[in-house]
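Report on one structure; see the data block that follows.
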Amino acid sequence: MVLPEARAELREALSALVAGRLSNDGFDDVYYRLCVRSPDRAVEEIGQFGWGLYSSDLLWPYYLTGRHATTAEARAVAERCDLFLRSGLEYEWPRYPALGWVLPVQAIVVAPGCLVSLFAGMLVPVALSNSAWGGAGVIAAVAVLAVVPGVWAYRGLGRYAGRQWEAFWSCGPREAWPFFSASALQRMCSEDAEPGAAPDPAM
C-alpha cells in the first residue's frame with residue numbers, strides 16, 4: 001500500500017531531522033504517530049531508519065548538528081529515502097531484523113560474571129597481604145573463569161545478530177536500499193534529474 005500524504009509528511013520530517021532543523025523529540029512525535037504499524041511499509045521502515053539516527057533516552061531534546069550530526073553514509077541513505085518516498089513504488093524489502101533485545105540480553109549475561117570477577121579480584125590483595133599465595137592463585141582463577149561464560153554468550157549473541165543482518169542484506173543491494181534494485185534507483189535518479197519530470201508510480 002502506498003500512502004502519498006504519509007510519505008510526504010515523513011519526507012519533510014526526515015529531511016528536517018538530518019538537516020538539523022527538527023529535534024529528536026520532534027521526529028519521535030512523527031515516528032510514533034505516523035510510522036509505527038503504518039499500512040504503508042515504506043513509511044514504517046524508513047521511519048524506523050530515521051528513528052535510529054538518534055537516541056531517545058536523553059532527558060532533553062537535541063538536534064543532529066555538531067557532535068550529534070549524522071555521518072555522510074547516513075545522509076546518503078536519507079537522500080535515497082527521499083527519492084523512494086517520492087517514487088510511488090511499493091516497498092519490497094523484508095522487515096528489519098527484530099534485534100532490539102540483543103544488547104539488553106548481552107548486558108544481562110555479562111553482568112553476573114563481571115560482578116563475581118570484580119569481587120574475587122578485590123580478594124586477591126587481601127590474600128597476598130596474608131601471604132596466602134595459593135589462595136590468591138585460586139581466587140584469581142575464579143575471577144577469570146567467572147567472566148568466560150558471559151563473554152562466550154555475549155559473542156554468540158553478536159554472531160547471531162550478524163547472521164540476521166547478513167540474511168537481510170542478501171535480499172537486495174545494500175547500496176540501493178530502500179529501493180529493491182539498483183536499476184529502480186537509477187531510473188528514479190534519472191527522472192529526478194530531468195526538469196519537470198514526474199515519478200511514474202507504475203515504474
Side-chain angles (χ1 to χ4, degrees), residues 1-18 22-58 64 68 70-109 153-189 192 199-203:
M1 178 182 292
V2 175
L3 301 177
E5 292 183 1
R7 291 189 175 195
E9 184 176 352
L10 178 57
R11 274 188 60 220
E12 182 178 351
L14 182 60
S15 175
L17 175 72
V18 173
L22 182 68
S23 70
N24 60 327
D25 282 1
F27 194 86
D28 268 355
D29 293 340
V30 175
Y31 175 71
Y32 287 108
R33 173 178 54 81
L34 188 72
C35 304
V36 176
R37 292 187 293 276
S38 172
D40 186 338
R41 291 201 53 236
V43 172
E44 183 178 21
E45 301 292 333
I46 293 174
Q48 186 173 346
F49 159 75
W51 186 69
L53 293 177
Y54 58 87
S55 172
S56 298
D57 297 332
L58 298 181
L64 299 186
H68 296 298
T70 55
T71 64
E73 181 181 1
R75 290 193 294 274
V77 176
E79 290 175 3
R80 293 201 303 270
C81 289
D82 185 88
L83 281 174
F84 189 90
L85 291 170
R86 289 191 282 121
S87 70
L89 292 170
E90 290 280 0
Y91 184 86
E92 299 180 71
W93 284 81
R95 294 189 182 278
Y96 274 131
L99 299 172
W101 57 272
V102 171
L103 285 178
V105 172
Q106 283 180 318
I108 290 171
V109 299
Y154 182 95
R155 295 183 63 183
L157 287 167
R159 288 192 293 269
Y160 169 79
R163 288 193 299 270
Q164 296 302 305
W165 278 114
E166 286 177 7
F168 176 82
W169 291 119
S170 69
C171 296
R174 182 171 185 167
E175 64 277 5
W177 185 93
F179 291 89
F180 198 57
S181 67
S183 59
L185 171 60
Q186 291 168 358
R187 285 197 298 271
M188 187 59 194
C189 287
D192 190 61
D200 181 5
M203 183 176 63

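Computed from heavy atoms alone, side chains included, the values below leave out hydrogens, waters and symmetry copies.
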Which distance, rounded to the nearest 0.5 Å, do you find between the [atom1] of [X] and the [atom2] of [Y]?
{"X": "Ser181", "Y": "Glu92", "atom1": "OG", "atom2": "CD", "answer": "7.5 Å"}
{"X": "Arg75", "Y": "Ser15", "atom1": "CZ", "atom2": "OG", "answer": "12.5 Å"}
{"X": "Ser23", "Y": "His68", "atom1": "OG", "atom2": "NE2", "answer": "12.0 Å"}
{"X": "Arg174", "Y": "Trp165", "atom1": "CZ", "atom2": "CH2", "answer": "8.0 Å"}
{"X": "Ile46", "Y": "Arg80", "atom1": "CD1", "atom2": "CZ", "answer": "10.5 Å"}

_Please identify which of these residues, Val77, Leu64, Thr71, meets the side chain to side chain contact (heavy atoms under 4.5 Å, CB included) condition with Leu53._
Leu64
Which pair of heavy atoms, one from [X] and one from [Y], lies closest together, and at what distance?
{"X": "Glu44", "Y": "Arg95", "result": "OE1-NH1, 2.8 Å"}
{"X": "Leu10", "Y": "Gly47", "result": "CD2-N, 3.8 Å"}
{"X": "Leu14", "Y": "Gly50", "result": "CD1-CA, 3.9 Å"}
{"X": "Leu22", "Y": "Gly26", "result": "CD1-CA, 3.9 Å"}
{"X": "Val18", "Y": "Ala78", "result": "CG2-CB, 3.9 Å"}
{"X": "Phe84", "Y": "Glu90", "result": "CZ-O, 3.5 Å"}

*Using ring pair (Phe, Tyr, Trp, His ring centres under 6.0 Å) as the criterion, list what pairs up with Tyr160, not counting sequence neighbours.*
Trp101
Identify every side-chain donor-acceptor pair in residues 27-41 under 3.5 Å, counting partners at least two apart or on other chains, and give the distances.
| unit_1 | atom_1 | unit_2 | atom_2 | d |
| --- | --- | --- | --- | --- |
| Asp28 | OD1 | Trp51 | NE1 | 3.2 |
| Asp28 | OD1 | Tyr54 | OH | 2.7 |
| Asp28 | OD1 | Ser56 | OG | 3.2 |
| Asp28 | OD2 | Ser56 | OG | 3.2 |
| Arg33 | NH1 | Glu9 | OE2 | 3.1 |
| Arg33 | NH2 | Glu9 | OE2 | 2.3 |
| Ser38 | OG | Asp40 | N | 3.1 |
| Ser38 | OG | Asp40 | O | 3.4 |
| Asp40 | OD1 | Arg7 | NH2 | 3.1 |
| Asp40 | OD1 | Ala42 | N | 3.0 |
| Asp40 | OD2 | Leu3 | N | 2.9 |
| Asp40 | OD2 | Arg7 | NE | 2.7 |
| Arg41 | NH1 | Trp93 | O | 2.8 |
| Arg41 | NH2 | Trp93 | O | 3.1 |

_Heavy atoms from other residues, nucleotides or ligands near CD of Gln164 exceed 12 (cutoff 6.0 Å)_ =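 Result for CD/Gln164: enclosed.
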*So do Leu89 and Phe180 actually touch side chain to side chain, heavy atoms under 4.5 Å?*
no
_Heavy-atom side-chain contact between Tyr91 and Leu85 under 4.5 Å_ =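 Heavy-atom side-chain distance check fails, nothing below 4.5 Å.
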